[in-house]
Visitor: 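Next up is a structure, given as structure tokens.
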Amino acid sequence: MLIHNADVATIFNQIADLLEIKSDNPFRVRAYRNAARTLNALTSSVQTMVAEKRDLTDLPGIGVDLAGKIVEIVTTGTCALREQLHRQFPPSVHELLTVPGLGPKRVNTLYRQRNIRTLDQLYSSAHNGQIRNIPGFGVRAEQRILEALRTQQSKKKRYRLDLAESIAGSLLEYLRAPGDIKKIEIAGSIRRRQETVGDLDILISSSRPRLIIQRFVKFEGVTQILTQGITRASVVLRQGMQVDLRVVSNDSFGAALHYFTGSKSHSIAVRTLAQKRGLKMNEYGVFSGTRRIASETEAAVFQAVGLPYIEPELRENRGEFAAAQSGKLPQLIHLADLAGDLHSHTKASNGRNSLREMAIEAKKRGLSYLAITDHSRSLTVAHGLNAEGLTRQMDEIDQLNTELGLKLLKGCEVEINEDGTLDLPDSILERLDIVVAAVHSKFGLSRERQTKRILRAMDHPCFTLLAHPSGRLILEREPYDVDMQQIILHARQRGCFLELNAQPSRLDLTDTYCMMAKSEGVLISVNSDAHSIFDFDNLRFGIGQARRGWLEKKDVLNTLSIAQLLLSISHSGK
DNA sequence: AGAGGTGCCTCTGAAGATACTCCTATCTT
């Protein structure tokens, strides 16, 4: 049975929830949650590690006991502790926690005192007015539960970064309009450029918080007001997305922005650090006793606790503190560092614009080279090109290269066949400047076969880089099962490259694999995969993901000048 | 339950706003 790290993490989180409902030792609860987080961030498969008899206690937050439970789960698929807890609390009790306003204490009360085990039972109890008499509950709590269950609010969705940004756009415009706002910023996971967003966090500095809050909750897109206080409010928008707004005074904007940007675990770590220095830190500033010593800017806040400025994309408590303290924070790549783009389409296959239009637009965006990489023949749904079509396109590129001040590279997004061969004959591949190879079929192969397929493709002397290496579509399609570590190691040996596809629906490689590639010295190409002239906008999403992966200019292939690039990709095997 | 220092014990993830019910639970980064 195939058990993913996420499966083990889910079981650990379930155990943590149940222990919490049981009011067990809070540190024990945290230990299970920490272990779950470790497993979710881990790039190597824990099941493989068990098979290879690796020592799991080397992992942070995993000791003898939890290592034993991991072995138990990856071999049996379940865990005796969870089964035991399920005898005390039926599995369905767990879902009561998803109702906003219900935490472990109240869920415990509901089960122990009223034997409420399911959302249906909760609904009918609330409907019959039986909740209001339970100690710790009241009429308002009862109404809130009914409301939440009616609107399915417990099913918290996540949204793709690009969608979340566009929803935020109109709201920001509305908030800004009257002009009584000094500063306004989107914080939270959008600012950290996380690939999906759960809710919008907006921070405003103004001397009139009440007015701002009142206007906020009257925005025409608001369908529900969750909380409304003097300095903060939470609403739900028509699209289902929750928005949290916080208003502070101008002089504490930096401290509030740091707090509101998160991540949660980063914030906690910084506050702990402040504590160790005898300081106190909250969203109003850093305090020595009652004296505020920093608050206006994030840089000042970091400085007050002895840290250099840490970029939002690094704030995940994934090593940024160790790096900061040893002066080894990366100089993260910027959009302007990109010299070219190595993956784009024209209407010769499934793009919308002509070769010339794409080239002109790329030049307008400040790029000095663009690889044209239309699909190859067997991807018929995308009107893939055969040898003849590609030859014709190459002639056209030769012509354009004489008249445009931008270098067009002859390329192709070539299908990797099931057996790892490439979709076009060597005679044509050899004439290309760049071969972007990709898997678009047979996603269901076993891990071994999928990995072998890609490794074989990489061994082709013309192979330049692997497009969207995991094949995932964010919130739509899981990645295919592949040993990414082996692919990265092979890329290093073979001297070829991996793509970070910048389409907001892909962002593939993921941040953690970017880190792995960087540590192995494998360069990443941040590519738009543009199918129209507008899609060069994708690049900024790709750069966001690259920055989350700690990538610097030197780690990214397409920051090289055209001369250096041609040298690098010709060394990749041809 | 883990980590770290010592061989069993101590410490471990901050801080505040809001809503609710009656003193605290929940939510947020």
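Below, chain A is the first sequence line, B the second, and so on; all start at residue 1.
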Visitor: Applying a 4.0 Å non-hydrogen cut-off, can you work out what A:R132 is touching in the nucleic acid: base, sugar-phosphate, or nothing?
Guide: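 Since no nucleic acid heavy atom lies under 4.0 Å of A:R132, the category is nothing.
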
Visitor: Quick one: is B:dT28 close enough that its OP1 or OP2 comes under 4.0 Å of any side-chain N or O from A:Q242?
Guide: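 Affirmative; the distance criterion is met.
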
Visitor: If I compare all heavy atoms of A:G254 with all of A:V301, which pair ends up nearest, and what's the gap?
Guide: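 Smallest heavy-atom distance, with atoms named: C-CG2, 4.3 Å.
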
Visitor: Rounding to a whole Å, what distance do you find between A:L102:CG and B:dC20:C1'?
Guide: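 About 13 Å, once rounded to whole Å.
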
Visitor: Please state the P separation for the pair B:dA15 and B:dT10 - nearest whole angstrom.
Guide: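 Roughly 24 Å separates the two P atoms.
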
Visitor: Which part of the nucleic acid, if any, lies within reach of A:T231 when heavy atoms closer than 4.0 Å are counted: base, sugar-phosphate only, or nothing?
Guide: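 Sugar-phosphate, no base atom in range.
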
Visitor: Between atom CZ in A:F137 and atom C1' in B:dC22, what is the gap in whole Å?
Guide: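 Taking atom C1' of B:dC22 as the reference, CZ of A:F137 is at 15 Å.
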
Visitor: Please give me every residue in residues 22-33 of chain A whose heavy atoms get under 4.0 Å of an atom in DNA chain B, ordered by residue number.
Guide: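 Those residues whose heavy atoms fall under 4.0 Å from DNA chain B, taken from residues 22-33 of chain A in numerical order, are A:N25, A:F27, A:R28, A:R30, A:A31, A:Y32.
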
Visitor: Pick the closest DNA chain B nucleotide for A:R37 and for A:S234 by heavy atoms, then say which residue is nearer the 5' end.
Guide: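 Result: A:R37.
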
Visitor: Taking the side chain of A:K105 as its heavy atoms from C-beta onward, which of B:dG16, B:dT26, B:dT29 lies nearest to it?
Guide: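 Closest nucleotide among those given: B:dT26.
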
Visitor: Given B:dT29, B:dA17, B:dA15, which nucleotide is nearest the side-chain atoms of A:R271?
Guide: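 Selected nucleotide: B:dA15.
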
Visitor: Given that A:E142 and A:Y284 both sit by DNA chain B, which one's nearest nucleotide is further toward the 5' end?
Guide: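 That would be A:Y284.
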
Visitor: Just list the side-chain donor-acceptor pairs under 3.5 Å for residues 309-318 of chain A, sequence neighbours left out, or say none.
Guide:
| from | atom 1 | to | atom 2 | distance (Å) |
| --- | --- | --- | --- | --- |
| A:Y309 | OH | A:E298 | OE1 | 3.4 |
| A:E311 | OE1 | A:R547 | NH2 | 3.2 |
| A:E313 | OE1 | A:R547 | NH2 | 3.4 |
| A:E313 | OE2 | A:R547 | NE | 2.8 |
| A:R315 | NE | A:I310 | O | 2.9 |
| A:R315 | NH1 | A:E298 | OE2 | 2.9 |
| A:R315 | NH2 | A:E298 | OE1 | 3.0 |
| A:R315 | NH2 | A:I310 | O | 2.9 |
| A:E316 | OE2 | A:R192 | NE | 2.8 |
| A:E316 | OE2 | A:R548 | NH1 | 3.0 |
| A:E316 | OE2 | A:R548 | NH2 | 3.3 |
| A:R318 | NH1 | A:D511 | OD2 | 3.4 |
| A:R318 | NH2 | A:D511 | OD2 | 3.2 |
| A:R318 | NH2 | A:R548 | O | 3.4 |

Visitor: Could you list by number each residue of residues 184-205 of chain A showing a heavy-atom separation from DNA chain B of less than 4.0 Å, or answer none if no residue does?
Guide: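 Going residue by residue through residues 184-205 of chain A, the ones with a heavy atom under 4.0 Å of DNA chain B turn out to be A:R192, A:D199, A:D201.
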
Visitor: Under 3.5 Å, sequence neighbours excluded: what are the donor-acceptor pairs made by side chains of residues 49-57 of chain A?
Guide:
| from | atom 1 | to | atom 2 | distance (Å) |
| --- | --- | --- | --- | --- |
| A:E52 | OE1 | A:R54 | NH1 | 3.3 |
| A:D55 | OD1 | A:T57 | N | 3.1 |
| A:D55 | OD1 | A:T57 | OG1 | 2.8 |
| A:D55 | OD2 | A:T57 | OG1 | 3.1 |

Visitor: Just by modelled atom types, is the A:R37 backbone N or O under 3.5 Å from a matching donor or acceptor in the A:N34 side chain?
Guide: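 No, the answer is negative, given that no donor and acceptor are paired below the 3.5 Å cut-off.
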
Visitor: Suppose you measure atom C1' in B:dC20 against the same atom in B:dT26; what distance do you get, rounded to whole Å?
Guide: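 Approximately 10 Å lies between the C1' atom of B:dC20 and that of B:dT26.
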
Visitor: Using side-chain heavy atoms (C-beta onward) and a distance below 4.5 Å, is A:L66 in contact with A:Y32?
Guide: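 Answer yes - side chains close enough.
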
Visitor: Taking C-beta and beyond as the side chain, do A:R506 and A:I474 meet within less than 4.5 Å on heavy atoms?
Guide: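 Of all side-chain heavy-atom pairs linking A:I474 with A:R506, none is under 4.5 Å.
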
Visitor: With a 4.0 Å cut-off, would you call A:R28 and A:D65 a salt bridge?
Guide: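 Salt bridge absent between A:R28 and A:D65.
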
Visitor: Choose from B:dA14, B:dT26, B:dG16 the nucleotide whose nearest atom is closest to any side-chain atom of A:P104.
Guide: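 Output: B:dT26.
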
Visitor: For B:dC11 and B:dG16, measure between their P atoms and round to the nearest Å.
Guide: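 Pairwise P distance, B:dC11 against B:dG16, rounds to 24 Å.
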
Visitor: Starting at CG of A:L245 and ending at C1' of B:dT18, how long is that distance when rounded to a whole Å?
Guide: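 Computing the A:L245:CG to B:dT18:C1' distance gives 14 Å.
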
Visitor: Can you check the A:I21 CD1 to B:dT26 P distance for me, whole Å?
Guide: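 About 10 Å, once rounded to whole Å.
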
Visitor: Before accepting this row, confirm whether a basic side-chain N of the pair A:E20/A:K105 lies closer than 4.0 Å to the acidic partner's carboxylate O.
Guide: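 Salt bridge flag = no for A:K105 with A:E20.
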
Visitor: Does a side-chain heavy-atom distance below 4.5 Å link A:R447 with A:D483?
Guide: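 Yes; the side chains approach each other to less than 4.5 Å.
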
Visitor: Any side-chain heavy-atom pair from A:E195 and A:F541 closer than 4.5 angstrom?
Guide: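 No; the side chains remain at least 4.5 Å from each other.
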
Visitor: So which pairs with a foot in residues 320-332 of chain A pass side-chain hydrogen bond (donor to acceptor under 3.5 Å, both in side chains), sequence neighbours left out?
Guide: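 Applying side-chain hydrogen bond (donor to acceptor under 3.5 Å, both in side chains) to every pair that reaches into residues 320-332 of chain A, excluding sequence neighbours, yields A:H266-A:E320.
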
Visitor: Round to a whole Å and report the spacing from CD1 of A:I131 to P of B:dA19.
Guide: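 Going from A:I131 (CD1) to B:dA19 (P), I get 21 Å.
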
Visitor: OH of A:Y259 versus P of B:dG16: gap in Å, rounded?
Guide: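 Taking OH of A:Y259 and P of B:dG16, I get 11 Å after rounding.
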
Visitor: Just to be sure I understand the geometry, which residues of residues 41-69 of chain A put a non-hydrogen atom under 4.0 Å away from DNA chain B?
Guide: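 A:L59, A:G61, A:I62, A:G63, A:V64, A:D65, A:L66, A:K69 - these, ordered by number, are the residues of the stretch whose heavy atoms sit under 4.0 Å from the strand.
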
Visitor: Indicate whether OP1 or OP2 belonging to B:dA15 is found under 4.0 Å from a side-chain N or O atom of A:Q275.
Guide: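 True: A:Q275 side-chain N/O within range (under 4.0 Å) of B:dA15 OP1/OP2.
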
Visitor: Mind checking A:V107 for me? I need base, sugar-phosphate or nothing, with any heavy atom below 4.0 Å counting as a touch.
Guide: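 No contact.
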
Visitor: With a cut-off of less than 4.0 Å, is there a side-chain N or O of A:R140 near OP1 or OP2 of B:dC20?
Guide: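 True: A:R140 side-chain N/O within range (under 4.0 Å) of B:dC20 OP1/OP2.
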
Visitor: Without decimals, in angstroms, what is the distance between A:Q228 CD and B:dC20 C1'?
Guide: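 Atom-to-atom, A:Q228 to B:dC20, this comes out as 17 Å.
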
Visitor: With heavy-atom distances below 4.5 Å as the criterion, would you say the side chains of A:S45 and A:H4 are in contact?
Guide: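 The answer is no, as the side chains (C-beta and beyond) never meet within the 4.5 Å cut-off.
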
Visitor: Could you tell me which non-hydrogen atom of A:V286 sits nearest to which non-hydrogen atom of A:M281, and how far apart they are?
Guide: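 The pair with the smallest heavy-atom distance is CG2-CG, 4.1 Å.
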
Visitor: When rounded to the nearest Å, what value does the distance between C1' atoms of B:dA17 and B:dT12 take?
Guide: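 About 26 Å, rounded to a whole number of Å.
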
Visitor: In whole angstroms, how far is the P atom of B:dT29 from the CE atom of A:M281?
Guide: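 Computing the A:M281:CE to B:dT29:P distance gives 16 Å.
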
